[in-house]
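This report concerns only the one structure given below.
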Amino acid sequence: MTLNVEAAMNVAKVLTEALPYIQRFIGRTMVIKYGGNAMVDERLKTGFARDVVLMKTVGMNPVVVHGGGPQIGDLLKRIGKQSEFVQGMRVTDRETMDVVEMVLGGQVNKDIVNLINRCGGRAVGLTGKDGDLIRARKMTLTRNAPELNAPEIIDIGHVGEVASIDTGVVDMLVHGDFIPVIAPIGVGEDGLSYNINADLVAGRMAEVLGAEKLILLTNAPGLMDAEGKVLTGLSTSRVNELIADGTIHGGMLPKIRCALEAVQSGVRSAHIIDGRVEHSVLLEVFTDEGIGTLIQGR
Ligand SMILES: Nc1ncnc2c1ncn2[C@@H]1O[C@H](COP(=O)(O)OP(=O)(O)O)[C@@H](O)[C@H]1O
Ligand SMILES: CC(=O)N[C@@H](CCC(=O)OP(=O)(O)O)C(=O)O
């Protein structure tokens, strides 16, 4: 009996703690990037979907941008194709682009849409081609080549960066009470498909939608220092130091860069949180402590 009262008091505490956040964030847009590494198992995925539906139910406007890097890697492996990454970007030839489009636009996108709908939400899946949502331009990378006396340009194929976003279709869905679920595929001026890192799409989406928060779910507790301590409240100069000394590398690079860019362009805050923790989105949005790494605009 005592235990039940205690449990009930805990529930009441959590609910009252959530109240000011519900009030503050009503009508605000929350862009949530769901990384492929955070889509670990069915329980976690359902927890994520429930969090998104809860946000919508209490009046926020969640917009999901998803990745699916490991899932693309799995299918490439099955067809006997090796994945290669340069500066965190997947080298994407024509055949790889076909796989990216099948996995992101097909399998992963529809899986998330279905999960959200099974939890009582109304989700609609899009790629950047729908409603001309994401216009891409080819990304060119460079690397230092002292022997050439100039930076060497590296061609990584059908990899894009965001040229522009037309939010028309997203606005229409949000106002119709749907939850948009966006796969990071853009279309170039040449009419071709481009594979875009999902963090880059999420960051720009948050900017153009004037989002309150950009929440990036990944498979680490946040941005960590060399000792594994989660860092938070970082300045741009501290982030640049951590990039220069190699503490931030690989997949964390685009994440942190787009988080910084987003807050410098008006998004109130960006959060890098652990998608392997059940209900991590709710813990971030509805509790005083929040979780993970917080990056705020000045
Ligand atoms: N300083 C850092 N702190 C945390 N993770 C880091 C850091 N530097 C590099 N990483 C790597 O970045 C990974 C997250 O990026 P990525 O694998 O692209 O995930 P996602 O699929 O969620 O986008 C982490 O699993 C970790 O291996
Ligand atoms: C150019 C590039 O690298 N695109 C990514 C797109 C998917 C993605 O970003 O997925 P995660 O968020 O799960 O890493 C890729 O092909 O893996």
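We count residues from 1, following the sequence as given. Both counts, for ligands and for their atoms, begin at 1 and track the order of listing.
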task: Flag G35 as yes when one of its N or O atoms lies below 3.5 Å from any N or O atom of ligand 2, and as no otherwise.
output: no
Whether over 12 other heavy atoms sit under 6.0 Å from K81 NZ: yes
Nearest candidate to atom 14 (O) of ligand 2, where distance is taken over non-hydrogen atoms, out of A38, G88, G69, A183: G69
task: Report yes or no: is the cationic atom of R90 (NZ for Lys, CZ for Arg) closer than 6.0 Å to the six-membered ring centre of F85, at no more than 45° off its axis?
output: no
message: I need the nearest protein heavy-atom contact for atom 20 (P) of ligand 1: residue, atom name and distance, please.
response: K255 NZ, 3.5 Å
statement: of all protein heavy atoms, closest to atom 18 (O) of ligand 1 is G251 CA, 3.3 Å
message: Going by the rule side-chain contact (heavy atoms from CB on, under 4.5 Å), which residues pair with R257 if we only count those two or more places apart in sequence or in a different chain?
response: I243, L253
Side-chain H-bond candidate by donor/acceptor type, S193 with E101, under 3.5 Å: yes
query: Relative to the heavy atoms of V159, which atoms of ligand 2 are at a distance of less than 4.0 Å?
result: 1 (C)
query: Would you say G68 has any N or O atom under 3.5 Å from an N or O of ligand 2, going by distance alone?
result: yes
task: State if K33 counts as touching ligand 2 under the rule of any non-hydrogen atom under 4.0 Å.
output: yes
- prompt: Okay, side chain of S280, backbone of I273: is any donor-acceptor separation there less than 3.5 Å?
  reply: no
message: Below 3.5 Å, N or O to N or O, backbone or side chain included: is there any such pair between L104 and ligand 2?
response: no
- prompt: When you measure from atom 25 (O) of ligand 1 to every protein heavy atom, which one gives the shortest distance, and what is it?
  reply: N219 OD1, 2.6 Å
Side-chain donor or acceptor of N109 paired with backbone N/O of L104 under 3.5 Å: no
Minimum-distance protein heavy atom relative to atom 4 (C) of ligand 1: G222 O, 3.3 Å
- prompt: Which residue supplies the protein heavy atom nearest to atom 3 (O) of ligand 2, what is that atom called, and how far is it?
  reply: R90 N, 2.9 Å
field: Distance-only polar pair, side chains of H271 and S269, donor-acceptor under 3.5 Å
entry: yes
- prompt: Does one side chain, of H158 or D93, offer a donor that lies under 3.5 Å from an acceptor on the other?
  reply: no
- prompt: With a cut-off of 6.0 Å (strictly less than), are more than 12 heavy atoms of other residues, nucleotides or ligands near CD1 of I153?
  reply: no
- request: Write out the residue and atom name of the closest protein heavy atom to atom 12 (O) of ligand 1, then the distance separating them to 0.1 Å.
  value: M252 N, 3.4 Å
message: Heavy-atom pairs closer than 4.0 Å: do any link ligand 1 to the side chain of L217, the backbone, both, or neither?
response: backbone
message: Just to confirm my output: which protein heavy-atom neighbour is closest to atom 21 (O) of ligand 1, and how far is it?
response: N37 ND2, 3.1 Å
- prompt: Do any pairs count as a ring pair (Phe, Tyr, Trp, His ring centres under 6.0 Å) and have a residue in residues 8-51, sequence neighbours left out, and if so which ones?
  reply: Y34-F48
- prompt: Salt bridge check: are R135 and D166 linked by an N-O gap of less than 4.0 Å?
  reply: no
message: Quick check on R268: does its CZ atom have over 12 non-hydrogen neighbours (other residues, nucleotides or ligands) under 6.0 Å away?
response: no
field: Separation between CZ of R50 and CG of L115, rounded to the nearest 0.5 Å
entry: 12.0 Å
- prompt: Quick one: which of N197, D199, T218, D274 has a heavy atom closest to atom 22 (O) of ligand 1?
  reply: T218
- request: Say whether M224, considering both its backbone and side-chain N or O atoms, lies within less than 3.5 Å of an N or O atom on ligand 1.
  value: yes
field: Any N/O pair D199/ligand 2 closer than 3.5 Å
entry: no
query: Just which atoms of ligand 1 are under 4.0 Å from any heavy atom in L223?
result: 1 (N), 2 (C), 3 (N)
message: Below 4.0 Å from ligand 2: does a non-hydrogen atom of T92 turn up there or not?
response: no
Atoms in ligand 1 flagged as close to T247, the criterion being non-hydrogen separation under 4.0 Å: 1 (N), 2 (C), 7 (C), 8 (N)
- prompt: Which of these, K33, K229, H249, has its nearest heavy atom closest to atom 9 (C) of ligand 1?
  reply: H249
